[in-house]
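Quick notes on the structure that follows.
All of these numbers come straight from a predicted model, not from anything done at the bench.
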Amino acid sequence: MKLESLNQRAPSKLSGRQVSGRCLCGAVELEIDFPAFWAWHDHSAASRRAHGAAYATYIGCWRKHARVAKGRRNIASFEDANTESTRSFCSRCGTPLLYERKCWPHMVNIPRALFTGRIGREPRYHVAIEELQDWAYTGNRLAPLKDYPGIVWERPKLRRRPRDVDDLDVLDRRVASARARIVR
């Protein structure tokens with residue numbers, strides 16, 4: 001799409017402050033003007049696969065407020081004809097860098113995880129929530145796992161109903177006999 005335009009623009013001074021993010025290996029650095037336009041969680045299958053995660057969290061900013069500060073030659077791209085989008089990543093470490101959509105040519109989306117500091121927006125929106133996976137963590141209470149420092153887990157819910165079909169037969173017989181006693 002228009003990755004080249006990220007480098008051609010002169011630094012803009014929206015707030016007079018820029019924030020930068022980088023890939024895992026540090027070969028590519030991106031810079032945006034503070035604050036970002038918006039932030040959201042993307043649950044779509046395409047983003048899930050591109051990031052290898054339950055969902056991806058992005059920040060969106062106007063193209064004119066984003067720049068490649070370092071490592072333009074290390075950026076590779078993949079164009080997805082199905083979604084009419086381009087995903088760029090670091091060719092050295094594979095970190096996802098940019099997500100651009102044909103329907104929004106003036107906007108560029110960047111994974112939130114690339115930035116260590118504040119970007120001026122909290123991700124309060126969810127895109128493609130209907131594609132949320134049943135195995136994704138959704139904020140349930142976590143407890144420390146005994147003998148494994150730093151590991152927490154979701155305790156299974158207590159089951160109040162029988163676990164097995166055979167147990168249901170036993171329950172049915174108990175209910176029937178209890179009813180018979182009540183009727184007498």
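Linking ILVMFWY residues whenever their side-chain heavy atoms come closer than 4.5 Å, directly or via other members, places Ile75 and Val108 in the same cluster. Leu132 and Tyr125 fall into different hydrophobic clusters, where Ile, Leu, Val, Met, Phe, Trp and Tyr side chains are chained together by heavy-atom contacts under 4.5 Å. Under a hydrophobic clustering in which Ile, Leu, Val, Met, Phe, Trp and Tyr are joined whenever their side-chain heavy atoms come within less than 4.5 Å, directly or via other members, Tyr55 and Ile119 fall into different clusters.
Proximity of Ile32 to Phe115: side-chain heavy atoms (C-beta onward) are separated by under 4.5 Å at one or more points. Using a 4.5 Å heavy-atom cutoff, the side chains of Leu98 and Ile110 are in contact. Put simply, the side chain of Val68 does not reach to within 4.5 Å of the side chain of Leu97, judged on heavy atoms. With a 4.5 Å cut-off on side-chain heavy atoms, Val28 and Thr95 do not count as touching. Between Met107 and Trp62 there is a side-chain heavy-atom pair separated by less than 4.5 Å. Between Glu154 and Leu142, the closest side-chain pair of non-hydrogen atoms falls below 4.5 Å.
For the residue pair Arg121 and Ala39, the shortest heavy atom distance occurs at CB-CB, 4.1 Å. Considering all non-hydrogen atoms of both residues, Cys23 and Leu114 come closest at CA-CD2, 4.4 Å. Here the shortest heavy-atom pairing between Arg112 and Gly117 reads NH2-O, 3.0 Å. Considering every non-hydrogen atom in both Phe34 and Gly120, the closest pair reads CE1-N, 3.3 Å. Taking both residues in full, the closest heavy atoms of Glu31 and Ala69 are given as CB-CB, 4.4 Å, listed atom of the first, atom of the second, then distance. When all heavy atoms are compared, the tightest approach of Arg92 to Ala27 is NH1-CB, 3.5 Å.
With a 4.5 Å cut-off between side-chain heavy atoms of Ile, Leu, Val, Met, Phe, Trp and Tyr, the cluster of Ile151 takes in Leu145, Tyr148, Trp153.
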Can you give each donor-acceptor pair under 3.5 Å made by side-chain atoms of residues 43-54, sequence neighbours left out, with the distance rounded to 0.1 Å?
| unit_1 | atom_1 | unit_2 | atom_2 | d |
| --- | --- | --- | --- | --- |
| His43 | NE2 | His126 | ND1 | 2.8 |
| Ser44 | OG | Asp42 | OD1 | 2.9 |
| Ser44 | OG | Ser47 | N | 3.4 |
| Ser47 | OG | Asp42 | OD2 | 2.7 |
| Ser47 | OG | Tyr58 | OH | 3.4 |
| Ser47 | OG | Arg87 | NH2 | 3.0 |
| Arg48 | NH1 | His43 | O | 2.9 |
| Arg48 | NH1 | Glu131 | O | 3.4 |
| His51 | NE2 | Tyr58 | OH | 3.0 |

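Partners of Phe78 under the ring pair (Phe, Tyr, Trp, His ring centres under 6.0 Å) rule, at least two apart in sequence or in another chain, do not exist in this structure.
Rounded to the nearest 0.5 Å, atoms CG (Asn74) and SG (Cys90) are 5.5 Å apart. Atom NZ of residue Lys70 and atom OG of residue Ser20 lie 10.5 Å apart, to the nearest 0.5 angstrom.
Looking at Ser77, its side chain never comes within 3.5 Å of a backbone N or O of Ser88 through a donor-acceptor pair.
A salt bridge links Asp33 with Arg67: the distance from a Lys NZ or Arg NE/NH1/NH2 to an Asp or Glu carboxylate oxygen falls below 4.0 Å.
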